[in-house]
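Structure first, then comments.
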Protein chains: 2
Amino acid sequence: MTELDDLDRKILTELQRHADTPLDALGQVVGLSRNACWRRIKAMEAAGVIRARVALLDAAKVGLPLTVFMQIRAAAHDADWLAKFARATRAMPQIQGVYRMTGDLDYLICARVADMADYDRLYQTLIARVPMGDVSASFVMEEIKHSTELPLFEG
Amino acid sequence: MTELDDLDRKILTELQRHADTPLDALGQVVGLSRNACWRRIKAMEAAGVIRARVALLDAAKVGLPLTVFMQIRAAAHDADWLAKFARATRAMPQIQGVYRMTGDLDYLICARVADMADYDRLYQTLIARVPMGDVSASFVMEEIKHSTELPLFEG
DNA sequence: TGTGAAACTGACATCGC
DNA sequence: GCGATGTCAGTTTCACA
């Protein structure tokens, strides 16, 4: 895949909001024919620009109203620890994101839980599977913004 | 909408991964007819359990390889400040998430940027629009896990 | 189960570089 | 010519009643 042009970006902007937009409507918005849109989409899927089409759920309505961020300090500063940590967190479905931060010793985890007891279960499970240097948790009181949409045009 | 049963959860589990699964295939996985699946999906969309169907993009491939978390302390502890802060951050498309954390003075922002210069632009824009008490940024070195999928069955 | 509306597939003419 | 597009079949698959 070459670089994305403005038409590609228009298509992506729409698909990021509504993945189920019919090609006809998409073509109208973008200013291209059905077919041209379709070809571009396929190319971007093949290139991995479009990773997946997914359904987003309301976390509260499926029983996971609480979001928690955990700040973690590694117990050991080596590749083995990281591998074990990565494997453990990837296997835990309540964990939405795991990020190694600048500093090389700090990790950030974002997870969704039902309540405090559920969080404690998550915490206990995690420290049982991987030795932790230090763990602190902050809970989300209010989700002011939450989006999966990436900006594709210069501000 | 009443409570979700196991069949609903099975449907959602699949749709969270592949929103474009045909109803036939979905029915087979779940053990239901096309039609029954379709009715349940419509009901869950109407109830807001399914918020949207979206395309997920590869952030690096659209020119936003850098993820940053900003920790922010409010300049003022009042509703006006929060309203202004919320409005400003919601209007900035590079910002993916904004969370008011426990403590009532701390906010967490997650944003995607092209590079450090881009981050600085974001930072400058933000502090120009809203008075900030304190801002610190941590950059993501490695995305160990990132998922929009919520767990729907007990671990 | 059936019907209409989509998504797909390929062929071919066209326009700009 | 080459690359991208538009149009116009055709077929298949799906959403929906």
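Computed from a prediction, not measured in an experiment: that's the story for all the values here. Computation of the quantities below employed the complete heavy-atom set of this structure, encompassing side-chain atoms and omitting hydrogens, waters and symmetry-equivalent molecules. Chain A is the first sequence line, chain B the second, and so forth, proteins listed ahead of strands; every chain is numbered from 1.
Put simply, the side chain of Arg9(A) gets close to the backbone of Leu4(A): a donor and an acceptor are under 3.5 Å apart.
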- Task: Indicate for each nucleotide in nucleotides 6-17 of chain D, in 5' to 3' sequence, whether protein heavy atoms under 4.0 Å reach the base (B), only the sugar-phosphate (S), or nothing (-).
- Result: BBB-----SSSB

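Residue pairs meeting the ring pair (Phe, Tyr, Trp, His ring centres under 6.0 Å) criterion with at least one partner in residues 31-51 of chain A, sequence neighbours excluded, do not occur; the list is empty. Residue pairs satisfying the side chain to side chain donor-acceptor pair (under 3.5 Å) criterion with at least one member in residues 125-143 of chain B, sequence neighbours excluded, are listed as follows: Arg100(A)-Glu142(B), Arg112(B)-Glu143(B). Among pairs with a residue in residues 40-64 of chain A, none fulfils ring pair (Phe, Tyr, Trp, His ring centres under 6.0 Å), at least two apart in sequence or across chains.
Residues meeting the side-chain hydrogen bond (donor to acceptor under 3.5 Å, both in side chains) test with Arg34(A), sequence neighbours left out: Asp24(A). Applying the ring-ring contact (aromatic ring centres under 6.0 Å, His included) criterion to Tyr99(B), with sequence neighbours excluded, gives Phe69(A). Residues passing the salt bridge (charged side-chain N to carboxylate O under 4.0 Å, His left out) test with Arg90(A), sequence neighbours excluded: none. Take Lys61(B) and apply the salt bridge (charged side-chain N to carboxylate O under 4.0 Å, His left out) test, not counting sequence neighbours, and it matches no residue. Asp78(B) is linked by a salt bridge (charged side-chain N to carboxylate O under 4.0 Å, His left out) to nothing, counting only residues two or more places apart in sequence or in another chain.
dC8(C) and dC16(D) have their P atoms separated by 15 Å, with the value rounded to a whole Å.
The interatomic distance linking Asp8(A) (CG) with dG3(D) (P) rounds to 17 Å, in whole Å.
Protein chain A contacts DNA chain C from dA7(C) to dG10(C), reading 5' to 3' and using non-hydrogen atoms of the protein with a distance under 4.0 Å.
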Using distance only, find each side-chain donor-acceptor pair of residues 41-51 of chain B under 3.5 Å and give its atom names and separation, not counting sequence neighbours.
unit_1, atom_1, unit_2, atom_2, d
Lys42(B), NZ, Glu45(B), OE1, 3.4
Glu45(B), OE2, Arg53(B), NE, 3.3
Glu45(B), OE2, Arg53(B), NH2, 3.1
Arg51(B), NH1, Leu57(A), O, 3.1

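Stem regions annotated for DNA chain C: C:1-7 with D:11-17, C:9-17 with D:1-9, counting only runs of 3 or more consecutive pairs of Watson-Crick or G-U type with both contacts under 3.5 Å.
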